[in-house]
Amino acid sequence: MSFTTFLIVMLLTSFVYGSNKNCSVGPCFPTSREIASKFSVQANSTCGVDKAEEYCLPSSLDCNQICNDSNAKANQSHSATYINDAFALNTFWKSVNMDRPVFLQFDFGVQFMVYRSVATFEFELPAAMYFAKSQDNGLDFRPLAFYATACSNFFYMTETPINRLNGLAVECFKIDPTNNPAKQIEYGPMRDPATSQGIVASYQNQTYFVMTNLRLVLVSYITPPGFDPATASDQLKKSLSFTLRDWDVIAACFCNGQASACDSQNVGKCLCERNTD
């Protein structure tokens, strides 16, 4: 988890739950925390798994790069396990060249209430992506939020300014590579004051954020104008993939308002305080 994410976790904790820790006077809720590091990530596309693969850096088209999942010591392995390791290690996951769409997924096995999800990319931001959740252990997924360089082109949706987000609505937000040097895409419904302040009093609003699985779907990478795979150079094709350095998920075990803490050893288990289990 990055230092920036740590600070935001602390802010969310004090803002959302500051007055709801006492189970004797009403509904109480556990403190949210980073949970991604506790679970494995799966990806449906990873470079170098079947065979070593050459790739080019998008910024310079330097093609002296090798992805080989069996050669971690040479920093050539870019598996999904690197998405939720220590941020300071500078590791990253990479998809197979030219694969799209691609998804990465957390399977939690228990219910969490999600508050924030942040994807930090290694080389380039995607052209289009979305977060989706499942409440039935992966049988069905529903989108949480869409992101695109052009929402109308990729998703036939109107772009929503980030300062006008509705935390309880599925909206599309602009991806702007020019003004996003951190290369981060955030799902942050609690930045909507109405959502963050009303969630304690509304069970329906609480269950909206309940998940057993969280999926990140990478729909398209950024391509040059007029891109045609049939005529594109090999150099360009080798530069088109998705690379994700880190995926933070801020959530809390879902306890129906009956617990103020989760088990420290099992973050998905509620420490219930009202003779419930």
Side-chain angles (χ1 to χ4, degrees), residues 1-2 4-13 15-16 32-39 41 43 83-84 87 93 101-108 111-121 125-135 138 140-149 151 154-155 157-177 179-180 182-199 205-220 242 244-252 254:
M1 177 171 59
S2 67
T4 300
T5 299
F6 173 79
L7 291 178
I8 295 177
V9 172
M10 296 299 101
L11 176 62
L12 282 174
T13 297
F15 183 61
V16 179
S32 57
R33 58 170 294 171
E34 197 282 319
I35 66 169
S37 59
K38 303 293 185 180
F39 297 91
V41 187
I83 288 174
N84 57 346
F87 190 83
W93 160 85
V102 169
F103 75 82
L104 300 114
Q105 182 173 313
F106 282 108
D107 298 322
F108 301 115
Q111 291 183 325
F112 283 97
M113 195 154 65
V114 60
Y115 293 96
R116 187 170 184 262
S117 178
V118 182
T120 303
F121 292 85
L125 290 165
M129 59 164 275
Y130 63 93
F131 290 108
K133 66 166 185 178
S134 173
Q135 295 183 322
D140 179 61
F141 280 87
R142 297 184 179 182
L144 289 167
F146 293 89
Y147 308 83
T149 52
C151 289
F154 285 103
F155 300 120
M157 298 175 69
T158 301
E159 179 186 311
T160 299
I162 193 64
N163 62 349
R164 293 178 56 192
L165 73 88
N166 178 350
L168 293 169
V170 178
E171 299 172 313
C172 186
F173 303 96
K174 185 176 181 60
I175 293 177
D176 183 3
N179 295 309
N180 191 345
K183 300 183 181 71
Q184 290 185 332
I185 302 295
E186 173 191 349
Y187 170 65
M190 299 306 157
R191 293 175 63 179
D192 171 21
T195 298
S196 61
Q197 294 168 11
I199 196 169
N205 288 2
Q206 293 165 27
T207 57
Y208 179 86
F209 299 105
V210 170
M211 62 177 183
T212 56
N213 314 72
L214 184 62
R215 179 178 285 184
L216 167 56
V217 182
L218 299 162
V219 176
S220 182
F242 302 104
L244 194 64
R245 179 178 178 183
D246 194 60
W247 185 7
D248 287 319
V249 180
I250 313 303
F254 183 60

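Quick note: residue numbers are just sequence positions, from 1.
Between Val118 and Gln184, the closest heavy-atom pair is CG1-CD, 4.0 Å. Gly167 and Tyr187 get closest at one heavy-atom pair: O-OH, 4.4 Å. Between Thr160 and Arg164, the shortest heavy-atom contact is CG2-O, 3.9 Å. Across Leu244 and Thr120, no two heavy atoms sit closer than the pair CD1-O, 3.3 Å. Considering every non-hydrogen atom in both Asp248 and Asp246, the closest pair reads OD2-OD2, 2.9 Å. Across all their heavy atoms, Val249 and Met211 have their closest contact at CG1-CE, 4.0 Å.
Applying the side-chain hydrogen bond (donor to acceptor under 3.5 Å, both in side chains) criterion to Thr149, with sequence neighbours excluded, gives no partner residue. Asp140 meets the salt bridge (Lys or Arg N to Asp or Glu O under 4.0 Å) test with Arg142; sequence neighbours excluded. Contacts of Asn163 classified as side-chain hydrogen bond (donor to acceptor under 3.5 Å, both in side chains), with partners at least two apart in sequence or in another chain: none. Applying the ring-ring contact (aromatic ring centres under 6.0 Å, His included) rule to Phe106 yields the partners Phe108, Trp247; only residues at least two apart in sequence or on another chain are considered. Not counting sequence neighbours, the partners of Ser134 by the side-chain contact (heavy atoms from CB on, under 4.5 Å) test are Asp136, Phe141, Thr212, Asn213. For Gln135, the side-chain contact (heavy atoms from CB on, under 4.5 Å) criterion is met by Lys133, Val210, not counting sequence neighbours. Contacts of Gln206 classified as side-chain hydrogen bond (donor to acceptor under 3.5 Å, both in side chains), with partners at least two apart in sequence or in another chain: none. Applying the side-chain contact (heavy atoms from CB on, under 4.5 Å) criterion to Ala194, with sequence neighbours excluded, gives Asp192. Looking at residues two or more places apart in sequence or on another chain, you find a ring-ring contact (aromatic ring centres under 6.0 Å, His included) between Phe155 and Phe146. The side-chain contact (heavy atoms from CB on, under 4.5 Å) test applied to Pro126 returns Phe121, Met129, Ile175, Leu218, Phe242, not counting sequence neighbours.
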Trace of the salt bridge (Lys or Arg N to Asp or Glu O under 4.0 Å) decision for Glu186 with Arg191: CA-CA 11 Å; Glu186 173 191 349; Arg191 293 175 63 179; 3.3 Å; yes
Test log, rule side chain to side chain contact (heavy atoms under 4.5 Å, CB included), inputs Arg33 and Lys38: CA-CA 11 Å; Arg33 58 170 294 171; Lys38 303 293 185 180; 3.3 Å; yes
Evaluation steps, side chain to side chain contact (heavy atoms under 4.5 Å, CB included), between Ile250 and Val114: CA-CA 6 Å; Ile250 313 303; Val114 60; over 6 Å; no
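Rounded to the nearest 0.5 angstrom, Leu104 CG and Arg215 CZ are separated by 10.0 Å. One finds the CD1 atom of Ile83 at 6.0 Å from the CH2 atom of Trp93 (value rounded to the nearest 0.5 Å).
For the pair Thr195 and Asn205, the minimum side-chain heavy-atom distance is 4.5 Å or more. Looking only at side-chain heavy atoms (C-beta outward), Leu214 and Phe112 stay at 4.5 Å or farther from each other. Contact annotation: the side chain of Asp107 never approaches that of Phe39 to less than 4.5 Å [non-hydrogen atoms, C-beta and beyond]. Within the 4.5 Å cutoff, the side chain of Tyr147 has no heavy atoms near those of the Phe154 side chain. Considering only heavy atoms from C-beta on, Tyr130 comes within 4.5 Å of Val219 through its side chain. The shortest side-chain heavy-atom distance between Leu216 and Gln105 does not fall under the 4.5 Å cut-off.
With hydrogens and angles ignored, the 3.5 Å screen pairs no side-chain donor or acceptor of Asp176 with any backbone N or O of Asn180.
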